[in-house]
Structure formats: structure tokens, C-alpha cells
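Below is one structure, written out as C-alpha cells, with a few remarks after it.
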Amino acid sequence: MIHGPNLRLLGTREPEVYGGLTLADVDDRLRDLAADLGVELEVFQSNHEGELLDYVEKAAARVDGFVVNAGGYTHTSVALRDALVGVARPFVEVHISNTAAREPFRHHSYLSPVALGVVFGFGVRSYLLGLRGLVAELSLD
Ligand code: CA2
């Protein structure tokens, strides 16, 4: 699970957009779901684009795929897209909010065209749905 910039603020501001759960709450739910699904989950958060790129490159050697909420980098980062394409691991893009219903600059994602799938608008359930989708695809069920 890759959390991009500012997601550590979850549960502290803008609850009308992002809900009241903290990032630690989200990670707990993801860990519980991973255990139910019988998969190992590793979680990483950074506010720094280069650190996200380094993580993708290094983690690719030990993971089968990624769930990614790239935060604001979704709409700006050719470099993150290139990194994810470069490591040739499937990834699911997730967003808490319905980005299509928000400001026009959030309508474009550099990641969506190269993602396995995209889940947005379900609050923090988007993460859980994204993990389920990734595991289902990897299991070929
Ligand atoms: O809806 C999402 O999950 C977003 O990826 C969240 C990003 C935003 O830039 C994307 O357009 C959509 C923002 C992450 C910052 O999260 C905050 C959480 C609580 C309070 C303030 C920011």
C-alpha cells in the first residue's frame, strides 16, 4: 500500500471530504482485510515524490502488486507513472473522494491509463475495494 503526500492529515481536517478515520485506522483495516484474504501487506507513506519513486523501485522486487493513493501526485507526476510502469507490477489506483466530482484539475490522473483498475469515491472503503480487486486479479479468480 502506497500512501502519497498529505495523507497523514486524514482524520484531522476536511472530514466532509475525507471522513473521520485516521491513516492508522485505514492501515488497520487494510491489515485486517489482508489477513482475511491470506496475503501479506506492506504499507508506505511519503510526502516526497523521490521517496515514492525509490520505494516503488525497491519494493517491486518483493511484492506482486501495489494499491496506490498518490494524493496530489496523481494529477502531476509523470515520474511516478513512469516508475510504476517501469517495474511492471500491476497496481490499483484508489481515492477516498470522487475526484471526478471535484475541481477540474483533479479530473486528470497520470496513473489511471496504466493502472489495473481505479476505485474512487467510496471514502476509505475505496482502499479496501482496491485491495480486494488487486488480490482477485492476482489470484485469477
Ligand atoms: O480523494 C483522494 O483520495 C485524493 O487522492 C486525496 C488527495 C487529493 O489531492 C486527490 O485529488 C484526491 C489529497 C490528500 C490530502 O489528504 C488530506 C486529508 C485530510 C485533510 C487534508 C488533506
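Counting starts at 1 for both ligands and their atoms, following the listed order. Along the sequence shown, residues are numbered consecutively beginning with 1.
- Atom 4 (C) of ligand 1 has His95 ND1, 3.7 Å as its closest protein atom, hydrogens excluded (heavy atom only).
- In terms of protein heavy atoms, atom 13 (C) of ligand 1 is closest to Tyr18 OH, 3.4 Å.
- If you check which protein heavy atom lies closest to atom 2 (C) of ligand 1, you get Ile96 N, 3.4 Å.
- Residue contacts with ligand 1 for Thr99 involve side-chain atoms from C-beta outward but no N, CA, C or O (heavy atoms, distance under 4.0 Å).
- In the hydrophobic cluster analysis, where Ile, Leu, Val, Met, Phe, Trp and Tyr join through side-chain heavy atoms closer than 4.5 angstrom, Leu116 is grouped together with Leu33.
- Side chain of Glu93 to backbone of Gly117: no donor-acceptor contact under 3.5 angstrom is found.
- Taking distance alone, with nitrogen or oxygen atoms compared against 3.5 Å, Ser97 approaches ligand 1 more closely than that limit.
- Once rounded to the nearest 0.5 Å, the distance linking CG of Leu138 with CZ of Arg89 reads 10.0 Å.
- Side chain of Ser126 to main chain of His95: a donor-acceptor pair is present (N/O by atom type, distance under 3.5 Å, no hydrogens or angles).
- Of all atoms in ligand 1, numbered sequentially from 1 with element shown, those under 4.0 Å from a heavy atom of Glu14 are 21 (C).
- At a heavy-atom cutoff of 4.0 Å, ligand 1 is contacted by the side chain of Arg106 but not by its backbone.
- A distance of 10.5 Å separates CG in Leu30 from CG in Leu37, rounded to the nearest 0.5 Å.
- Only the side chain of Asn69 comes within 4.0 Å of ligand 1, counting heavy atoms alone; its backbone N, CA, C and O stay farther away.
- Side chain of Tyr73 to main chain of Asn47: a donor-acceptor pair is present (N/O by atom type, distance under 3.5 Å, no hydrogens or angles).
- Of all atoms in ligand 1, numbered sequentially from 1 with element shown, those under 4.0 Å from a heavy atom of Arg13 are 19 (C), 20 (C).
- Atoms of ligand 1 lying under 4.0 Å from at least one heavy atom of Asn6, given by number and element, are 15 (C), 16 (O), 17 (C).
- Taking a 4.0 Å cut-off on heavy atoms, Thr74 fails to register as neighbouring ligand 1.
- Under a 3.5 Å cut-off, the side chain of His107 and the backbone N or O of Ala100 do form a donor-acceptor pair.
- For ligand 1, the atoms lying closer than 4.0 Å to a non-hydrogen atom of Gly72 are 9 (O).
- Side chain of Asp32 to main chain of Arg29: no donor-acceptor pair is present (N/O by atom type, distance under 3.5 Å, no hydrogens or angles).
- The number of heavy atoms from other shown groups lying within 6.0 Å of OH (Tyr55) is above 12.
- Atom 11 (O) of ligand 1 has its nearest heavy-atom neighbour, among His75, His3, Arg102, in His75.
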